[in-house]
Engineer: 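Dropping the structure in here first, questions after.
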Amino acid sequence: MAGMKRFITYIYAYENTKKAGNTGFARIELRGEECRLEIHLRGVYAAQTHCKIYLFRKQGSGIEGSLIGEMDVRNGAGDFNVIMKTAHIPTSLLSFFEMEGIFLCSEDGRIFMSRWTEGEPLAVDMEHFIVWKAEQTEENIYAEESLHVEENMYAEENMHAKENMHVKENMHARENIRAEKKQHVEKNLYETENIISETENKPEAGKTPVQDNMKKQQENKIQTAQFDRESDNELRATELPARNFFPQYQWKDIWEQFLKSHPASMPFSEKNITCIKIELKDIRELPRKYWYLGNNSFLLHGFFNYRYLVLGKIEEDNEDKWFLGVPGIYQNQERVMAIIFGFPEFMPEQVENRFGCWYRFIEE
């Protein structure tokens with residue numbers, strides 16, 4: 001299924017910091033902005049115990065864990081599953097993509113671990129294990145502010161959606177009123193024509209009824225003309241707001257607006273590429289159809305690590321192409337994540353440099 005990644009990682013028991021036998025596996029499924037994680041332990045050789053479950057990352061010479069749940073083990077077996085957002089692990093500000101594996105510690109002191117990234121060997125024991133704690137560091141404060149900006153951005157988008165609905169309801173109400181008026185006018189015209197027809201068939205009745213009915217017909221024609229003018233005025237009154245809800249935009253104008261407050265640079269080896277660095281809140285300056293990218297887990301992961309995003313222009317064959325980029329390093333694992341979350345292309349800053357940005361074209 002498009003937009004989904006699934007993989008299995010094996011869990012091992014550790015004794016005296018050394019890997020022992022296999023004791024189960026974990027199944028991880030990434031779908032959109034969510035992560036589903038299942039853990040199955042077997043052959044733990046404990047009649048009954050209780051485990052705390054962490055996702056961990058390497059910190060210095062130790063392991064830093066973020067708690068995601070707890071599990072009971074009975075007769076040597078235990079099962080656990082959880083669904084969480086990839087952007088933020090439940091007990092920390094860290095994202096799933098910053099994690100390197102799963103760490104389980106039982107109440108009787110046993111350790112089980114699975115690691116899905118490559119790197120230096122870890123000292124797997126409780127002395128080198130620490131639990132993640134929120135600190136008022138500059139980065140955490142900045143992350144919280146960014147999340148607040150994102151929430152405000154989507155609140156504003158919902159407000160505009162409600163305004164759109166209100167305008168549509170008003171337009172339907174006007175249409176119903178016009179239809180009722182028109183039906184009433186047509187009914188009067190029909191009655192007038194019937195009366196005239198009956199009068200013409202009775203010449204002895206004289207001219208007076210005919211003259212009265214002709215006068216009524218003339219009044220109905222005037223009423224019909226007035227109704228048409230009112231309808232035209234109502235249509236003209238709704239045309240401008242309707243256009244405002246679907247504004248036209250030109251990427252060149254948007255680009256020029258960004259250049260007024262963001263210096264341009266050419267950090268990439270290709271000479272036809274011009275870029276500017278923007279922040280998460282600047283996504284609101286793009287057309288509203290792209291605001292949803294502010295909730296993209298891969299984009300948030302790159303922004304929190306490097307504090308900026310990239311908006312750029314590529315000149316090819318006398319045509320400008322626009323792209324949004326996320327800073328990062330070219331690695332196979334990150335490449336998979338970038339493709340899943342819609343940033344399939346990589347552009348290095350220098351020809352032999354692994355650092356650059358993952359990007360996607362923005363179609364006009």
Side-chain angles (χ1 to χ4, degrees), residues 7-26 28 30 35 37 39 41 44 46 49-71 73 78 80 82 84 86-144 297-298 300-307 327-337 353-356:
F7 65 93
I8 291 176
T9 180
Y10 293 97
I11 301 172
Y12 296 88
Y14 281 77
E15 299 176 0
N16 299 321
T17 73
K18 302 297 182 182
K19 182 188 291 186
N22 175 264
T23 55
F25 67 94
I28 293 133
L30 302 173
C35 170
L37 187 148
I39 296 176
L41 289 184
V44 177
T49 188
H50 187 79
C51 292
K52 290 188 175 182
I53 306 168
Y54 301 86
L55 292 179
F56 76 86
R57 66 175 181 173
K58 185 177 181 297
Q59 284 291 87
S61 59
I63 298 173
E64 181 187 63
S66 297
L67 183 68
I68 61 170
E70 300 184 7
M71 173 177 64
V73 177
F80 171 83
V82 66
M84 55 189 171
T86 55
H88 295 285
I89 296 169
T91 58
S92 74
L93 292 175
L94 305 176
S95 77
F96 176 82
F97 304 107
E98 296 178 75
M99 300 296 104
E100 299 185 36
I102 303 169
F103 187 96
L104 302 91
C105 55
S106 67
E107 57 188 4
D108 58 2
R110 302 190 67 186
I111 296 174
F112 310 94
M113 194 181 81
S114 175
R115 188 181 185 187
W116 55 69
T117 62
E118 299 178 357
E120 298 178 1
L122 301 173
V124 185
D125 56 32
M126 295 309 297
E127 294 181 1
H128 292 85
F129 179 79
I130 59 173
V131 178
W132 183 91
K133 293 182 180 179
E135 298 178 357
Q136 286 300 98
T137 61
E138 181 183 354
E139 182 174 357
N140 289 341
I141 294 172
Y142 193 82
E144 291 174 357
S297 295
F298 184 78
L300 290 172
H301 171 64
F303 177 75
F304 290 151
N305 279 342
Y306 299 100
R307 306 281 186 85
I329 299 174
Y330 188 87
Q331 296 175 340
N332 286 334
Q333 182 181 357
E334 189 159 346
R335 174 177 171 272
V336 172
M337 294 297 111
N353 195 349
R354 297 177 69 87
F355 179 79

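Values below: all heavy atoms of this structure, side chains included; hydrogens, waters and symmetry mates excluded. Nothing fancy with the numbering, it's 1 onward along the sequence.
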Engineer: Within a strict 4.5 Å, meaning less than it, do heavy atoms of the Leu104 and Leu41 side chains meet?
Structural biologist: yes
Engineer: So which heavy atom on Cys35 is nearest to which on Ile28, and how close?
Structural biologist: SG-CG2, 4.0 Å
Engineer: Salt bridge check: are Arg57 and Glu64 linked by an N-O gap of less than 4.0 Å?
Structural biologist: yes
Engineer: Just verifying a value: how many Å separate Ser66 OG and Met84 CE, rounded to the nearest 0.5 Å?
Structural biologist: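 Separation between the atoms: 9.5 Å.
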Engineer: Can you tell me how far CD of Glu100 sits from CD1 of Ile63, rounded to the nearest 0.5 angstrom?
Structural biologist: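 CD of Glu100 is found 9.0 Å from CD1 of Ile63.
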Engineer: Report the relative orientation of the aromatic rings in Phe7 and Trp116; use parallel for angles under 30°, tilted for 30 to 60°, perpendicular for over 60°.
Structural biologist: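 Aromatic pair Phe7/Trp116 classed perpendicular.
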Engineer: Between Phe298 and Glu334, does the side chain to side chain contact (heavy atoms under 4.5 Å, CB included) criterion hold? Intermediate values first, please.
Structural biologist: CA-CA 9 Å; Phe298 184 78; Glu334 189 159 346; 3.9 Å; yes
Engineer: Show the numbers, then the answer: is there a side chain to side chain contact (heavy atoms under 4.5 Å, CB included) between Phe96 and Leu30?
Structural biologist: CA-CA 10 Å; Phe96 176 82; Leu30 302 173; 3.9 Å; yes
Engineer: For the residue pair Phe129 and Tyr54, categorise the inter-ring angle as parallel (less than 30°), tilted (30 to 60°) or perpendicular (more than 60°).
Structural biologist: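 Ring orientation, 0 to 90° scale: perpendicular.
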Engineer: Does Lys52 NZ have over 12 foreign heavy atoms under 6.0 Å away?
Structural biologist: no
Engineer: When rounded to the nearest 0.5 angstrom, what is the spacing between CD1 in Ile11 and CD1 in Ile8?
Structural biologist: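 Answer rounded to 0.5 Å: 11.0 Å.
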Engineer: In Å, rounded to the nearest 0.5 Å, how long is the span from CD of Glu70 to OG of Ser106?
Structural biologist: 12.5 Å
Engineer: Would you call Leu37 and Ile102 a side-chain contact if the rule is heavy atoms closer than 4.5 Å?
Structural biologist: yes
Engineer: Suppose we call two aromatic rings close when their centres sit under 6.0 Å apart. Are Trp132 and Phe103 close by that rule?
Structural biologist: no
Engineer: Quick one: does Ser114's side chain have a donor or acceptor within less than 3.5 Å of a partner on Gly101's backbone?
Structural biologist: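 Flag not set: sc Ser114 to bb Gly101 has no pair under 3.5 Å.
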Engineer: If we ignore hydrogens and angles and just use 3.5 Å, is the side chain of Lys19 paired with the main-chain N or O of Gly21 as donor and acceptor?
Structural biologist: no
Engineer: Might you point out which heavy atoms bring Leu67 and Ile89 nearest each other, and give the distance in Å?
Structural biologist: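 What the structure gives for the nearest pair is O-CG2, 4.4 Å.
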Engineer: Compare every heavy atom of Ser95 with every heavy atom of His301, then report the nearest pair and how far apart it is.
Structural biologist: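 In terms of heavy atoms, the two residues are closest at ND1-OG, 3.5 Å.
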Engineer: Indicate yes or no for a side-chain donor-acceptor contact from Asp125 to the backbone of Glu127 under 3.5 Å, with no hydrogens or angles considered.
Structural biologist: yes
Engineer: Hey, does Arg110 have a side-chain heavy atom less than 4.5 Å from the side chain of Thr49?
Structural biologist: no
Engineer: Do Asn305 and Pro327 come within less than 4.5 Å of each other through their side chains, counting heavy atoms only?
Structural biologist: no
Engineer: Drop me the distance from Thr117's OG1 to Glu98's CD, to the nearest 0.5 angstrom.
Structural biologist: 12.5 Å
Engineer: Which heavy atom in Tyr14 sits nearest to a heavy atom in Tyr12, and how many Å separate them?
Structural biologist: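 Heavy-atom minimum between the residues: CD1-O, 3.4 Å.
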Engineer: Would you name the heavy atoms of His128 and Ser61 that are closest together and state the gap between them?
Structural biologist: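 Minimum heavy-atom separation between His128 and Ser61: CD2-O, 3.9 Å.
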Engineer: Work out which heavy atom in Met71 is nearest to a heavy atom in Gly78; give both atom names and the distance.
Structural biologist: SD-C, 3.6 Å
Engineer: Taking the side chain as C-beta and beyond, is there a heavy-atom pair between Phe56 and Arg115 under 4.5 Å?
Structural biologist: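 Result yes, sub-4.5 Å side-chain heavy-atom pair found.
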Engineer: Say you draw a straight line from CD1 of Ile68 to CG of Leu55; how long is it, rounded to the nearest 0.5 Å?
Structural biologist: 4.0 Å
